[in-house]
Every structure is written in C-alpha cells, then in structure tokens.
Amino acid sequence: MLPSDMMFEDIANTFSSMEGITSRIQLTQLLAGLLKRTPADVIDKVVYMIQSKLGPDWKGIPELGVGDKLLVQAIALAYGKSEGDVQKLVDKLGDPGKVAEQLAQTGGHLKSNLLTFMGGGSSQLTVSRVFDSFMKIAYATGESSRDLKLKTLAGLLKDAKPIEARYIVRFVEGRLRLGIGDATILDALAVAYGGSSAVRDLIERAYNLRADLGEIAKIVATQGVEALKGLKPEVGTPIRPMLAERANDVKEILAKVGGKAYVEYKYDGERGQIHKDGDKIKIFSRRLEDITPMYPDIADGVREAIKAKKAIVEGEIVAIDPDTGELRPFQELMQRRRKYDIEKMMKEIPTRLFLFDIIMKDDEDLTTRPLPYRRKVLESILEPNDRVVMSNYIASSDPDEIMNFFLQAIADGAEGVMIKAIHDESVYRAGVRGWLWVKLKRDYRSEMSDTVDLVAVGAFYGKGKRGGKLGTLLLAAYDPNNDVFKTVCKVGSGFTDEDINNMYDLFKPYIIDHRHPRVVSNLDADVWFEPVKVAEVIGAELTLSPAHTCCMDAVRKGAGISIRFPRFIRWRDDKGPEDATTEQELLEMYKRQLKKIEEKPQPEGEA
Ligand code: ATP
C-alpha cells in the first residue's frame, strides 16, 4: 500500500461501529476520527463512500447497475459456492452483505484455491482499490459489461476480510444506510480539522459555494482550513442556491429587508442555475442535478444571450403558452421531466428562462456584491431573446405599490412576488435561507396560507377499499439544527386511486425495517422509510398535537405542531429531504396564523 492510501478495513470497521448508534454526537466523533486518520490523497473517496456515493449527484456518475441476481452470482463466484446455495442464504439472512461476510469467514480454504485460479492474491484491500473497482463497475458499458461487473466485484470480495465483504456488498446494493447526512459530515470534518465553530462555518461556506463534499475535504486536508477563506465558486461546479424566507405582510417584509427593495415576479417553474463556459452550457436544478438534457432550448438560448465568455447565472424556467406567450402552470413544465421525447415536448411546451441573479462573470466572484450591482452586471452581459429574458421587477419602498405589483404578478400567472433587500449587505448567500429574500405568495383560501413540503418517513396500511395497501403516510419536517426529521402529520387524503395503487412500488427502494436514525417520532409506523421523498401538502390549519414531535414543547409543553385535515397535493421530486419545510418555519407559520385569527373581527356576543 502506498503511504498515501488507506486500508479499507479501517472504513469497514468504522461503519460497523456506527451500526446501532443513533446519537449524532457519537456518530460525528467516530466519523471525525476516521477522517483524521485518512490520508489527503484518498479523503475525497472516503467522503463519497460515507455518502454512499461515487461522487456528487450532479456529476451524473452512472449507477453501479448490479442487480440482485448479479450480486448473488458475484458472491457465489468469489466463495466457490453455487448460486442456489447463495440465494438460499440470502433468503434466510435477508441481507446479502451478511451472507458475503459469513462466507468470507467460513470459506477461507475454498477462497484461496479460487484466488490462484482467478489470478487474485492475498492482497489487502485499500480504499483506492475498492473505490476504483466501484468506478469500473459503474462505467462498464456495452456487451461484456455484465461480465466485467461480475468479475470486478467477485475479485474484490475474494480479497476482502469478512467485515469488508459486508460493506462492499451493501455499498453495491445501495444499502449502506449509515444514517449520516451532509451536515454530519461537515461537523465531522470541522472536528477533525480544528474543532471551532469558526472552522465549521468556513467549511460550510465552502460547501455552499462548491457542492462537492469530497473536493472540500480534499482542499482542507491538503491545504488546510485557511485555504477555504479565498475559495470562489467555479464554473462547472454547482453552488447551493440562496433561499427565501416567507411572510404575509408587506410592511413587515419591508422592515425586514431594510425599507426599500427590489420586488420581482415569483415565477412558478423550475429553478435553473446555468453555467456557461464558452459554448458549453450546463443547467443545474434546485437540487443541483444536471438537467441540461431536459432543456436544450434554454441551453441554446443562454449560449446566444449571455455575452460573457464564462458565467454562472440563475433564473426560473417557466412553461410558456406557445400561442400567447403567457406563463403556464408548474405542472405543465413538469411534464418535460417525465417525457422522453424532448424534441416533441419542446414544441408542445416551450419554455422561457427569467433571469434573476448572477454568481460569477468570467473569474469575478459576484456572491460578495450587493444585489443592485449583480443585477447591473447581469443586464450588461445579456442580450435577451425569445428564450432568455430578465425577470420582471420594480424597485420600491411603498407598500401600496408593492401590493399592486403583487396582484399584477398573480394576474399574469406568477405565484406571487419575491421581495429582495438591496442594501450594501445584500450579498448572494449560497445555501442559506434568510431575510435578504422574502417570498410573498398568493393565499390558498384557507387558514393555512401556504402549502408545506414534508418528508415521508413511514406509512400505515389502509382500511376498507385500501385494505392491505399503504394508504396513509407519516410526514415529517426537517430540523437543520439536529439534522433530523420530526413528524408533523399523517396524510391519507388527496391521493387518487392510482396514487394508492402505486404507493408501494414508489416507496419500495426506501423501505427499512426500523425507524431511520434521523427520524424522531412518537408514533410507530407499520412501515418505515428512509427519509427521501418530499410531498407538498396543505391543510385547514395548524394545530397543537401531542402525537407529533415537530416543535415539541415550543408552543405548549407536551405538544408539537401538526396539520388539521392535511391533503396531499403533489410530489416535490425537485426537492431533497433537507429542502423540506423546517421545524422553525412551521413554528413561524403557527404564530402568524394565531395572529391572523386574533385580528379577525369576532361575531357579536362572543368574547
Ligand atoms: P417554494 O416551495 O415556495 O417554491 P422553495 O422552497 O422551492 O419555495 P424558496 O427559496 O422558498 O424555495 O423560494 C424561492 C424559489 O422561487 C426559488 O428557488 C426559485 O425557484 C423561485 N423563484 C421564482 N421567481 C424568482 C425570483 N424572481 N427570484 C428568486 N427566486 C424565484
């Protein structure tokens, strides 16, 4: 092993120690220890493995593509067993990882014969060998790819110690399930490389500017934490988007943003972060997936419209009525995500990009500049065309003028307005939801003035017509302080029969046999899920409930905040679990709702 490499056994042992630990502090300590021991050359690989990935999602690294059958074959090949025997063991133990571990323990003598036969050795597994083999498996294409995947995986297993075999198999299956979110990895890196909260802030800021945890870890490990201070966004690497707070009262919003603001249409489409490098265009979604293939028309539009050689700009991609040029609803745009025939969809559902920000121009980092400066730079490099225009806006400090603009926005098919600070500190705060941007959305004509986006963490079997089917979901809000999900409500209405029929298949990949360590719940669901899928729901009002853990004790001791009569609206596949409505936001919504009820004139005769 090169001194710059590391034994995979160290990782496997750490993963094993993590099993069963639900304390985030303990998990962080274990991880920090691991990262401290990791040589700089391979720290990116180690970080990706902890994330259960081969790289950040936006890189579009192919799936490993090892199905159940291939896995059984690889285990059989590695340990000189028949596929039937391995399958029987898998059925019995329910975990192919455990099967490989057991066979590695007991099949040592057989293994060594096979090793010689297949050209293997009794070499020890390094992180690089394991990671590079995973890459080889992922990138294997063409006719012989199945064979190549099989041999590469079997080769790894042959050389693996029992504990290593367990985690190699689980990784390949996508079932590591360590219960570790990005926030915990950031904590662990900070502990490993300094420990102060200033170091934590620096690392988080760096991650917000370059959404690649492996790369950030590598910079820290090779150049030290100080190197992060001068870090700039980079064209080609997505930056985590700046987000908005919400409020309902224009005067209150103006006070928050500093009296005067830019008020822009809040378009109801898909956020696009567009990177231009010469003629090369990449479009990243709000979740930083590469969505360029879905919007070739927008890519063409940007190539022509943006006059800088290199740039990162942001805007909302909206479906446009091909006949009238009017804005169309979000649902129409989402059809592009589902359809394969992009050429046809481009004609049926044309789109337009409404630009609202710029992050980089050539090598100039604009995130530290105030919004008016950024907007000027953006306007100066833009030659609008049919596909790409600036967002509609006014600069105002007058609540009446803003309300009129808001009503116009809604009449024009927008969702409301974004009210943005324009003072000297109105920088672009990557990855942060704050009061520099405030959204004012239209009312949904109910006491609950806005929908919320909650993560499905479990489910209950239905009754009657829905008997035997997953009919009710347990939904949770995100608590970023503890990096956990806390339950808010059960939702069973708003689903169509088709939704219900498809529910099991939809959730099958995320079913686990115990409550996920990042889920805090008082209820015992029939089925638990990994917190992955986000649902948009609305209800009649927010209520207090002792059954749910979100905002527990915050308003009243022993009660959390819940939703009365919740109704499912749609899946928000454009959001990750950490993008769900937060506990704090629900608390704010609850307080605003109370205020609204108090302000309502009471009918005569009532106190
Ligand atoms: P929502 O659930 O309300 O769509 P969100 O949680 O996806 O919001 P927010 O930060 O709360 O994200 O709202 C801002 C979103 O509004 C942006 O992510 C962007 O997609 C969209 N948007 C539309 N028009 C604008 C605009 N002019 N400026 C900024 N964001 C805009």
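Computed from a predicted model, the values in this text were never measured in an experiment. Start at 1 and go down the list; that is how both ligands and their atoms are numbered. Computed from heavy atoms alone, side chains included, the values below leave out hydrogens, waters and symmetry copies.
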From the candidates E316, R287, K575, the one that places a heavy atom nearest atom 2 (O) of ligand 1: K575
Exercise: identify the closest heavy-atom pair between V532 and P577: O-CD, 3.7 Å
K533 to Y510, cation-pi by 6.0 Å centre distance and 45° axis angle: no
Cation-pi, Y393 ring and R375 (6.0 angstrom, 45 degrees): yes
Heavy atom under 4.0 Å from ligand 1: found in [X]'s side chain, backbone, both, or neither?
{"X": "K420", "result": "side chain"}
{"X": "T451", "result": "neither"}
{"X": "K266", "result": "both"}
{"X": "Y265", "result": "backbone"}

K441-ligand 1 polar pair, N/O distance under 3.5 Å: yes
Distance-only N or O hit between ligand 1 and Y267, under 3.5 Å: yes
Non-hydrogen atom of E536 closer than 4.0 Å to ligand 1: no
Parallel, tilted or perpendicular, as decided by the 30° and 60° cut-offs, for the rings of F405 and Y265: tilted
Verdict with supporting geometry, Y428 and I239, side-chain contact (heavy atoms from CB on, under 4.5 Å): CA-CA 11 Å; Y428 187 97; I239 161 167; 4.2 Å; yes
No-hydrogen, no-angle side-chain donor-acceptor test under 3.5 Å, Y207 and D212: no
Close-contact set for ligand 1 against E264 heavy atoms, below 4.0 Å: 26 (C), 27 (N), 28 (N)
